[in-house]
Amino acid sequence: MEVTEVMIDAEQALTLLKADLLSGSDAWIPSYNDGLEVAISEIEILARKERVKDRQEKRKEGRWTFLKGNKAECSECGSICYIACYPYTGWARYCPCCGAKMAPPQ
């Protein structure tokens, strides 16, 4: 048996399942309502996870271009940042303007 992936509209499926649960038309079948409640719960969990995944954005990755003095430019947003000279603790790992994760200088 070949398994295929099928996309469904979660909101439409929830509406239909909840309507079926409320109608009680097949309530005489043992555990029918329990099965409907489990299906509703699982679809709600999956829909919530999908919404969270859609909101998450992949973090940008960039590099510092070191300029004269104590300045560096972000390759992602072009902002110029001042790097502390004393005591110099190393390169900044994230751009304070756009949040890009910066690769170590080479």
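The shown structure was predicted, so the numbers you read here are calculated from the model rather than taken from an experiment. Nothing fancy with the numbering, it's 1 onward along the sequence. Heavy-atom basis, side chains included; hydrogens, waters and symmetry copies ignored.
Interatomic distance, Glu76 CD to Arg63 CZ, rounded to the nearest 0.5 Å: 11.5 Å. Atoms OH and CD, from Tyr94 and Glu61 in turn, are 10.0 Å apart once rounded to the nearest 0.5 Å. The line from CD of Glu11 to CD1 of Ile43 is 10.0 Å long, rounded to the nearest 0.5 Å. Rounded to the nearest 0.5 Å, atoms CG (Leu67) and SG (Cys81) are 10.0 Å apart.
Applying the side chain to side chain donor-acceptor pair (under 3.5 Å) test to Lys18 and every residue at least two apart in sequence or in another chain returns Glu44.
Summarising the geometry of Lys60 relative to Cys98, their closest heavy-atom pair is NZ-CB, 3.8 Å, with the distance given to 0.1 Å.
Test Asp20, Ile45, Leu14 against Ile40 for side chain to side chain contact (heavy atoms under 4.5 Å, CB included) and you get one pass: Leu14.
Taking 4.5 Å as the limit, every side-chain heavy atom of Cys74 sits out of range of all side-chain heavy atoms of Cys97.
Linking Ile, Leu, Val, Met, Phe, Trp and Tyr residues whenever their side-chain heavy atoms come within less than 4.5 Å places Met102 and Phe66 in a single cluster.
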Step-by-step side-chain contact (heavy atoms from CB on, under 4.5 Å) determination, Cys95 to Cys77: CA-CA 9 Å; Cys95 175; Cys77 68; 3.8 Å; yes
